[in-house]
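One structure is given below, encoded as structure tokens.
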Amino acid sequence: MLLTSRKRHYVIGENFSNTNALFEALLNVQGIDSEEARRSFLTDEGGSLYDPFLYKDMHKAVDIIVDAMTNKNKILIYGDYDCDGVTATSILVRYFRSHNIDVVYIVPNREEHGYGLTNNILDEVVAHNPDLVITVDCGITNIETVRDLKNRGIKVIVTDHHNVQDELPEADAVICSKRLDNTYPFKDLCGAGVALKVIQALGTDKRFPVSGNIWRQSIELAGIATIADLVGVTDENRTLIKKAFISMKNPVNPGIRIMNELLLENSNAKKLDESFISFNFVPRINAAGRLYDSSDALKLFLEDDEEKAEEAAIALGKQNDERKEIEKNVFDEAVKQIESEDRPDEWSLAKTEGPIVAYAPGWHQGVLGIVAGRLSQHFRRSAIVFTSDSIDANNIKGSGRAYGEYDLFKALDRISDKLVNFGGHKKAAGVVVEKNKLLDFMKALEADSIAHKDEDNKDEDDAIDITARIDYDLINFDTYNMISQFKPYGIGNKKPVFETSKMLVTGVYDMTDGAHIRLELTSADKPDSESVSAVGFGMGIYSKIIKPGDIIDIAYTINEYTYRGRTTISLYIENIVPVSNNGFLWDKPEIVEDLYNNGMELSQIAKLAKTTVQEGLVPSRANYLACYQVLKNQCIGETSYADVTLLAKMIANETGSPITPFQVARCLEVFSQANMIKLGVLSSVRVCFRFLKVEGNKDLKQSSTYMRLLEYV
């Protein structure tokens, strides 16, 4: 159970009651401070693309490629098995095919070859007898294999976007903005974005022109990859995505058009935007590389025969369904492992601050990254998931995803002496560790997280960035249409999250067997105002806490919802904070806890809180019974994170018997001391707990807290 109100950070400090003022403030937050920047940011086409020759080595790369094309040399494109790598490969292959160049491509098998241009696939590369090898979305860390190809007389161009570690490969040209001597003005292009810049450079060179058809296909492919690859949706990336959506209104690439048509016809998606690409298109492309190989994904993008492209699209859909099942099983097993009573106490969720680590030898390598992402959202912690390394039995291979602003790559780099290999970027990384040194790795990662807590883990305390506070009257289509001008959303350009205070709950409804909740809300200050519907995905537990007539503050995003031809505004809830009028014990529970823990007498705290010791501070027998029964019913078999204020509200609602947050905290302390639960205190008002197997009746009088409180009864 996750039952916490997240800390709130306000990006813009003021409260807005005017749409125009809000619009200007949102532009200011984005750093849009000139008419030119404003025009570039808001136009459908986005800004212009940077000169590709600002890349270090781009002139070299173009001359090498042009020379190979002029001499009818054989060119091999070496990519990666994810969406970014597949689209990057397709961009270059389609360009070379348009000039009838002898071009072949290789995308490795995840389990057989691993990531990058490794020794495991070098013989296959050499067997093609290429004159030139161009890597896309990989290669920057493959020092030895690039050197080996060079020693065989094969020219090599590395194009990549991942972080450089110790040295650059000795390739004929290295196109990567992460190199230390970078001269390119934007560092956050994905692999397909870098491949696009190579095409742009070749088009600018004009010796082997880029046709309009090839350019549009390249834009479409790069736009999809940019959304897929967890890179910032700012600057040139924002421009690429905007240009891609313009082209995809009538896609030039047959596979993209066919996949879009199939998905829009068979899903709930209503329009082509970044959400559609992220949640519908990209998973199908990644599914091929996760489970098998990327041949169907490449066929989708490289095939001009529409029947064959449609076959590939259908096959990718089936593979994605299979991926979902495998992913669900691995996720469930990982959660069970993380929450197991058998997990050593030092690695419990309550005792650690760094990324969660899970490992099992039989998990499918292809779903590790997506499971790590789900774990990070489920536990609101960065996560790394390991399984056996299919290439080296002495190693285990993991994939990690960062939560909040945690820099996963930087953390791994700091403990690289504990790793066999690693790579990636801030939000996502792959890592290989010796199997018998996993514990050493976990200890080093935890120690590093503690040492750099203030530097790297600023969002690990589960805070939410709220763009601005707005009045209830601004929850309308004018505001929705205004913020839509800021699309596409993504990293670096997040969808605005607003907060509105004093919302009156007029209806509470369970959704999907209690997994989600829908609230009908209006303004507490203007209760006759038209109500708005708000959905809390994964927040079904709040139906035990909120009831009609309650007043809450909510953080949310504004969306539109169409049902039976009628389109309305719908809010997606990000955070709920019940508004209490029950006095000091409810409004300032953290102060009460601090006073208690610092030794203040309960009688003094009671005076401050304007209550009695028996009524507001010392739990009654009924309080102990209610707390145990309600929480056990809700939390059995899992580790729960909760604020004691929300627990108190839930217990009171479920039993009809009043209980204060302070009393709940004391009950949990007593249960812990009686070995009925395992309790971790995360802050003065936030706890982490898990129920233990209890045989027979427990004597609460053996608890030191119980005896301390007994003095006041």
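Along the sequence shown, the residues carry numbers beginning at 1. As a basis for the values below, the full set of heavy atoms in this structure was taken, side chains included, without hydrogen atoms, waters or symmetry mates.
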Shortest non-hydrogen contact from Pro488 toward Ile241:
CG-CG2, 3.6 Å

Test your reading of the model: is there a side-chain donor-acceptor pair from Arg8 to the backbone of Ile466, 3.5 Å cut-off?
no

Which is it for Arg207 and Asp63 under the salt bridge (Lys or Arg N to Asp or Glu O under 4.0 Å) test, yes or no, and what are the steps along the way?
CA-CA 10 Å; Arg207 284 177 283 180; Asp63 286 342; 2.8 Å; yes

Can you tell me if His161 and Asp229 form a side-chain donor-acceptor pair at under 3.5 Å?
yes

Is any side-chain N of the basic residue among Asp57 and Lys60 closer than 4.0 Å to the acidic one's carboxylate O?
yes

Distance-only donor-acceptor check, side chains Asn253 and Gln217, under 3.5 Å
yes

Between Asn213 and Ser211, do the side chains contain a donor N or O and an acceptor N or O under 3.5 Å apart?
no

Any donor-acceptor pair under 3.5 Å linking the side chain of Thr183 with the backbone of Leu54?
yes

Electrostatic pair Asp51:Lys197 at N-O distance under 4.0 angstrom
no

Can you tell whether the side chains of Lys299 and Glu303 come within less than 4.0 Å, N to carboxylate O?
no

Any sub-3.5 Å donor-acceptor pair from Ser294's side-chain atoms to Val86's backbone N or O?
no

Using only atom types and a distance under 3.5 Å, with no angle test, would you say the side chain of Asn28 pairs donor to acceptor with the backbone of Asp33?
no

Examine the side chains of Thr557 and Asn559 and answer whether a donor and an acceptor come within less than 3.5 Å of each other.
yes

How about Asn182 and Lys56: do any of their side-chain heavy atoms sit closer than 4.5 Å?
no

Could you tell me which non-hydrogen atom of Leu291 sits nearest to which non-hydrogen atom of Gln319, and how far apart they are?
CD1-O, 3.5 Å

Thr87 side-chain N/O to Asp84 backbone N/O, donor-acceptor pair under 3.5 Å:
yes

Cation-pi check, Arg469 to Tyr10: give yes when NZ or CZ is under 6.0 Å from the six-membered ring centre and within 45° of the ring axis, no otherwise.
yes

Are the side chains of Gln485 and Phe41 in touch, meaning some heavy atoms are under 4.5 Å apart?
no

Are any non-hydrogen side-chain atoms of Thr568 and Tyr563 less than 4.5 angstrom apart?
no

Would you mind reporting whether Ile285 and Phe301 have side-chain heavy atoms less than 4.5 Å apart?
yes

Could you tell me if the side chain of Tyr78 sits less than 4.5 Å from the side chain of Pro108, heavy atoms only?
yes

Relative to the ring of Phe422, is the ring of Phe409 parallel (under 30°), tilted (30 to 60°) or perpendicular (over 60°)?
tilted

Can you name the nearest heavy-atom pair linking Ser382 to Ser376, along with the distance?
CA-CB, 4.3 Å

Worked check of side-chain contact (heavy atoms from CB on, under 4.5 Å) between Arg94 and Leu302:
CA-CA 7 Å; Arg94 276 201 170 272; Leu302 292 174; 3.7 Å; yes

Give the minimum heavy-atom separation between Gly79 and Thr89, together with the two atoms involved.
CA-OG1, 3.4 Å

If you measure only the distance, is there a donor-acceptor pair under 3.5 Å linking the side chains of Lys7 and Asn575?
no

Short question: side chain of Asn142, backbone of Leu117 - any donor-acceptor pair under 3.5 Å?
yes

Any chance you could measure Ile277, atom CD1, to Ile227, atom CD1, to the nearest 0.5 Å?
5.5 Å

Validation row: Phe276, Leu264 side chains within 4.5 angstrom (heavy atoms)
yes

Do Val497 and Asp465 have side chains that approach each other closer than 4.5 Å (heavy atoms only, starting at C-beta)?
no

Is it the case that Asp235 and Tyr50 place a side-chain donor and acceptor less than 3.5 Å from each other?
yes

On a heavy-atom basis, the closest approach of Pro283 and Asn320 is O-OD1, 3.2 Å

Do the side chain of Thr159 and the main chain of Thr135 share a donor and acceptor less than 3.5 angstrom apart?
yes

Can any side-chain N or O of Arg401 pair as donor or acceptor with the backbone N or O of Gly373 at less than 3.5 Å?
no

Donor-acceptor pair, distance only, cut-off 3.5 Å: does the side chain of Asp137 make one with the backbone of Gly85?
yes

Under a 4.0 Å N-O cut-off, is there an ion pair linking Arg238 with Glu274?
no

If you apply the rule side-chain contact (heavy atoms from CB on, under 4.5 Å), what do you find for Leu375 with Arg381, and how did you get there?
CA-CA 8 Å; Leu375 288 175; Arg381 296 266 293 273; over 6 Å; no

Residues forming a side-chain contact (heavy atoms from CB on, under 4.5 Å) with Glu560, sequence neighbours excluded:
Lys271, Phe477, Tyr480, Thr567

Say whether Thr479 and Asn476, considering side chains only, have a donor N or O and an acceptor N or O under 3.5 Å apart.
yes

Parallel, tilted or perpendicular, as decided by the 30° and 60° cut-offs, for the rings of Tyr95 and His99:
perpendicular

May I ask you to decide if Asp473's main-chain N or O and Asp471's side chain share a donor-acceptor pair within less than 3.5 Å?
no

Please evaluate residues Arg323 and Ile370 with respect to the criterion side-chain contact (heavy atoms from CB on, under 4.5 Å), reporting the C-alpha separation (whole Å), side-chain torsions for both, the decisive distance (0.1 Å), and the verdict.
CA-CA 10 Å; Arg323 184 272 305 168; Ile370 198 165; 3.5 Å; yes

Of the options Val231, Val194, Thr226, which is the one that meets Leu189 in a side-chain contact (heavy atoms from CB on, under 4.5 Å)?
Val194

Would Arg374 pass as a cation-pi partner of Phe331, given that its NZ or CZ must be under 6.0 Å from the six-membered ring centre and within 45 degrees of the axis?
yes

Atom NZ of Lys178: over 12 foreign heavy atoms under 6.0 Å
yes

Can you name the one residue among Phe498, Phe537, Tyr556 that meets ring pair (Phe, Tyr, Trp, His ring centres under 6.0 Å) with Tyr572?
Phe537

Kindly indicate whether the side chain of Ile258, heavy atoms from C-beta on, has any atom under 4.5 Å from the side chain of Glu306.
yes

Take Ile224 and Met248 through the side-chain contact (heavy atoms from CB on, under 4.5 Å) test and state the conclusion after the steps.
CA-CA 10 Å; Ile224 290 170; Met248 281 192 284; 4.1 Å; yes

From CA spacing to verdict: salt bridge (Lys or Arg N to Asp or Glu O under 4.0 Å), Arg257, Glu220
CA-CA 10 Å; Arg257 178 175 54 77; Glu220 292 169 9; over 6 Å; no

